[in-house]
Amino acid sequence: MAEPVQPVGQPESTEPAPAATPTRARNYALDLLRIVSIVGVVAIHSFGELAGDDSARNQRDWIPAAVIDIAFIWVVPVFVIISGTLTLAPRAHTTGAGDFYRKRALRLVPALIFWHLAYIFVGNWIILGRELNPAETLADVFNTSVYPHLYFLWLILGLYLAAPPLARYLHSISLRTAKITTAVVLGVILLLFMAQAASIQAGLGWQYPWNMLTQWFPYLGYFMAGWVLAQVRISKRTAAMLGGAAVVLSIFNIWHWINQDSTPVLNVITPSSYIGLGVTLAALCIFTSVFHLLKDWRPAPRLARFILAMFNAAFGVFLSHYLILTWLTFKVLGEDLQPTLATMTFKFTAATVGAFILSYTALRIPWLRRVF
């Protein structure tokens with residue numbers, strides 16, 4: 001269940017909301033955003049097979065694959081923003097940091113261990129037929145490179161560790177100061193990755209050191225923004241305008257990816273990555289628009305139950321979908337088959353449906369639900 005967001009006072013001296021404050025009704029915008037974000041992740045990993053291949057740029061299917069891939073590039077930042085909205089809310093910290101860490105560890109650590117083992121032994125060893133070298137495997141775990149999506153577990157783990165002191169800080173200051181602090185953090189991180197892009201373009205070779213200890217930091221601004229953006233008061237008209245801005249920014253991001261060979265300056269100013277200016281602005285606009293447009297929406301009971309079921313299954317879909325994609329690619333279609341729009345659409349559909357069915361079923365089995 002998503003945790004409701006508590007309002008925060010405006011003045012600098014305002015005390016944090018007490019634990020007894022009545023909770024708000026469920027915000028289904030968060031549920032929908034999480035479901036769409038997970039489906040978008042599956043799309044990125046399906047169509048990115050061709051969209052991320054520079055040698056395939058002259059193929060007929062490359063542009064539609066790139067459009068679909070980059071159209072969803074905002075989903076990982078938005079997923080982190082949603083986590084910040086829920087995890088940094090006062091209600092998540094009413095029983096103290098120790099209880100917060102215990103609950104998150106019981107939820108996250110079993111999944112982290114189980115799915116690393118699953119992808120090492122089932123994905124790499126059984127499906128891909130790779131020999132397992134203990135030293136290389138441990139290095140892959142440390143560098144979060146066992147499988148392309150498992151880095152996210154280390155990312156969230158790091159943000160969870162930072163959450164209690166960060167929440168205390170955010171709850172002790174005014175909303176205006178929280179906005180400024182969040183903007184500064186986002187700006188510093190964007191500048192860091194502009195420097196990385198400039199270094200790569202200049203042939204200097206410096207890149208951010210991604211590993212299990214550092215994955216969380218580039219997403220800290222998104223995490224803080226989730227809490228801040230949920231507190232702001234904006235009109236429906238402003239929220240709709242932000243939605244329009246998100247569409248324009250998404251079109252720009254798609255255009256930039258397709259034309260990046262001829263845009264060296266833009267490649268530095270706004271790298272086509274989860275930590276790029278265009279993607280950051282699009283993600284912030286999408287979250288703010290959807291959150292505030294739909295915050296008072298109450299779906300019919302049957303639809304509400306369906307949304308909640310899909311929301312609960314979403315994390316398991318994220319964890320399991322790449323195993324299905326790997327099996328489809330190497331065992332069903334064959335690794336020698338060149339990716340086309342048709343084959344990628346098939347894999348996306350099969351992996352999405354299959355992962356939702358698998359996760360929905362696993363959540364009803366007591367010994368499996370802890371890792372889904």
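Quick note: numbers below take in every heavy atom, side chains included, and nothing from hydrogens, waters or symmetry partners.
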Notebook entry, point to check: Please walk me through it: do Ile68 and Ile44 pass side chain to side chain contact (heavy atoms under 4.5 Å, CB included)?
Noted result: CA-CA 8 Å; Ile68 296 170; Ile44 288 172; over 6 Å; no

Item checked: Leu32 side chain reached by Val290 side chain, heavy atoms, under 4.5 Å -> no

Notebook entry, point to check: Is the number of heavy atoms from other residues, nucleotides or ligands within 6.0 Å of CH2 (Trp367) greater than 12?
Noted result: no

Notebook entry, point to check: How long is the gap from CD1 on Ile126 to NZ on Lys331, to the nearest 0.5 Å?
Noted result: 9.5 Å

Notebook entry, point to check: Is any side-chain heavy atom of Trp206 less than 4.5 Å from a side-chain heavy atom of Ile200?
Noted result: no

Check: If you look at every heavy atom in Leu328 and Ala351, which pair is closest and at what distance?
Finding: CD1-N, 4.3 Å

Note to self: Side chains of Leu284 and Leu186, heavy atoms from C-beta outward: is any pair under 4.5 Å?
What the structure shows: yes

Check: Is there a path from Ile324 to Phe330 through hydrophobic residues (I, L, V, M, F, W, Y) whose side chains come within less than 4.5 Å of each other?
Finding: yes

Notebook entry, point to check: Under 3.5 Å, is there a donor-acceptor pair linking the side chains of His45 and His321?
Noted result: yes

Note to self: Once rounded to the nearest 0.5 Å, what's the spacing between atom CD of Gln338 and atom CG of Asp53?
What the structure shows: 8.5 Å

Next item on the list: Would you kindly say whether Asn259 and Thr263 are connected by a side-chain donor-acceptor distance under 3.5 Å?
Entry: no

Item checked: Ring-ring centroid check Tyr119 Tyr322, cutoff 6.0 Å -> no

Next item on the list: Look only at the side chain of Thr85 and the backbone of Gly226, and say whether a donor-acceptor pair between them is shorter than 3.5 Å.
Entry: yes

Next item on the list: Please confirm whether the backbone N or O of Phe79 pairs with a side-chain atom of Ser83, one donor and one acceptor, at under 3.5 Å?
Entry: yes

Note to self: Do Arg26 and Phe311 form a cation-pi contact, if we require the NZ or CZ to be under 6.0 Å from the six-membered ring centre and within 45 degrees of the ring's axis?
What the structure shows: yes

Next item on the list: Any chance you could lay out the salt bridge (Lys or Arg N to Asp or Glu O under 4.0 Å) test for Asp54 and Arg57, step after step, and finish with the verdict?
Entry: CA-CA 6 Å; Asp54 285 338; Arg57 282 177 171 264; 3.4 Å; yes

Notebook entry, point to check: Taking the six-membered ring for Trp, are the ring centroids of Phe372 and Phe315 within less than 6.0 Å of each other?
Noted result: no

Next item on the list: Identify the two heavy atoms, one from Asp69 and one from Ala51, that lie closest to each other, and give their separation to 0.1 Å.
Entry: OD2-CB, 3.4 Å

Checklist line | For Ala239 against His292, the heavy-atom pair lying closest together | finding: CB-CB, 4.2 Å

Notebook entry, point to check: How long is the gap from OH on Tyr160 to CZ on Phe100, to the nearest 0.5 Å?
Noted result: 7.0 Å

Check: Stepwise, does the side chain to side chain contact (heavy atoms under 4.5 Å, CB included) test hold for His256 with Ser272?
Finding: CA-CA 8 Å; His256 180 211; Ser272 294; 3.4 Å; yes

Check: Near Phe121 CZ, under 6.0 Å, is it more than 12 heavy atoms from other residues, nucleotides or ligands?
Finding: no

Next item on the list: Establish whether Trp255 and Leu281 are linked, either directly or via other cluster members, by ILVMFWY side-chain heavy-atom contacts under 4.5 Å.
Entry: no

Next item on the list: Calculate, to the nearest 0.5 Å, the distance between atoms OG1 and CG belonging to Thr270 and Asn253 respectively.
Entry: 6.0 Å

Margin query: Check this for me: Arg369, atom CZ, are more than 12 non-hydrogen atoms of other residues, nucleotides or ligands nearer than 6.0 Å?
Written below: no

Margin query: Please check: side-chain N/O of Ser250 versus main-chain N/O of Ala246, any donor-acceptor pairing under 3.5 Å?
Written below: yes

Note to self: If you count heavy atoms of other groups shown closer than 6.0 angstrom to CH2 of Trp327, is the number above 12?
What the structure shows: no

Note to self: Quick check on ring-ring contact (aromatic ring centres under 6.0 Å, His included): which of Tyr219, Tyr208, Tyr274 does Phe193 satisfy it with?
What the structure shows: Tyr208

Check: Any side-chain heavy atom of Val232 within less than 4.5 Å of one from Lys179?
Finding: yes

Item checked: Flag side-chain contact, heavy atom, 4.5 Å: Val78 against Tyr222 -> no

Margin query: Under a 3.5 Å threshold, yes or no: a donor from one side chain and an acceptor from the other, between Thr181 and Tyr169?
Written below: yes

Item checked: Hydrophobic cluster membership, Ile113 vs Ile365, 4.5 Å side-chain cutoff -> yes

Checklist line | Residue pair His93 / Asp99, side-chain donor-acceptor N/O under 3.5 Å | finding: no

Next item on the list: Determine, for Tyr360 and Arg364, whether the Lys NZ or Arg CZ falls below 6.0 Å from the six-membered ring centre while staying within 45 degrees of the axis.
Entry: yes

Note to self: Taking Pro339's backbone N and O only, do any of them form a donor-acceptor pair with Thr343's side chain (distance below 3.5 Å, no angle check)?
What the structure shows: no

Next item on the list: State, yes or no, whether a side-chain contact exists between Phe47 and Pro64 at a heavy-atom distance under 4.5 Å.
Entry: no

Check: Taking C-beta and beyond as the side chain, do Val268 and Gln201 meet within less than 4.5 Å on heavy atoms?
Finding: yes

Note to self: Using the rule given for side chain to side chain contact (heavy atoms under 4.5 Å, CB included), can you reason through Val36 versus Trp74, listing the C-alpha separation, both sets of side-chain angles and the distance that settles it, and then say yes or no?
What the structure shows: CA-CA 11 Å; Val36 173; Trp74 53 269; 3.8 Å; yes

Next item on the list: Report whether Val247 and Leu293 are members of the same hydrophobic cluster (ILVMFWY, side-chain heavy atoms less than 4.5 Å apart, transitive linking).
Entry: no

Margin query: So does Arg168 get a backbone contact from the side chain of Ser172, meaning a donor-acceptor N/O pair under 3.5 Å?
Written below: yes

Notebook entry, point to check: How about Asn143 and Ser145: does a side-chain donor come under 3.5 Å of a side-chain acceptor?
Noted result: no

Notebook entry, point to check: Would Tyr147 and Leu150 count as a side chain to side chain contact (heavy atoms under 4.5 Å, CB included) if you check the C-alpha gap in whole Å, the side-chain angles of each, and the deciding distance to 0.1 Å?
Noted result: CA-CA 6 Å; Tyr147 253 69; Leu150 292 181; 4.1 Å; yes

Check: Tell me, do Ser46 and Leu325 make a side-chain contact under 4.5 Å, heavy atoms counted?
Finding: yes

Check: What heavy-atom pair brings Ala282 and Leu249 nearest, and what distance separates the two atoms?
Finding: N-CD1, 3.7 Å

Notebook entry, point to check: Can Val39 be reached from Ile357 by stepping across I, L, V, M, F, W or Y side chains whose heavy atoms are under 4.5 Å apart?
Noted result: no

Item checked: Exam field: side chain Thr214 to backbone Asn211, donor-acceptor pair closer than 3.5 Å -> yes

Next item on the list: May I ask you to check whether Trp257 and Phe72 place their ring centers less than 6.0 Å from one another?
Entry: no

Note to self: Side chains of Trp154 and His116: any donor to acceptor distance under 3.5 Å?
What the structure shows: yes

Notebook entry, point to check: For the atom pair CD1 (Ile82) and CG (Leu30), what is the distance rounded to the nearest 0.5 Å?
Noted result: 6.0 Å

Next item on the list: Check whether the side chains of Thr177 and Ser174 place a donor and an acceptor atom closer than 3.5 Å, and report yes or no.
Entry: yes

Notebook entry, point to check: Can you tell me how far the OG atom of Ser273 sits from the CD atom of Gln196, to the nearest 0.5 Å?
Noted result: 7.5 Å

Item checked: Side-chain donor or acceptor of Glu136 paired with backbone N/O of Leu132 under 3.5 Å -> no

Check: Which pair of non-hydrogen atoms, one from Pro218 and one from Ile189, has the smallest distance, and what is that distance?
Finding: O-CG2, 3.4 Å

Notebook entry, point to check: Got more than 12 heavy atoms from elsewhere within 6.0 Å of OH, Tyr101?
Noted result: yes

Notebook entry, point to check: Which heavy atom of Leu88 sits nearest a heavy atom of Leu170, and at what distance?
Noted result: CD1-CD1, 3.8 Å

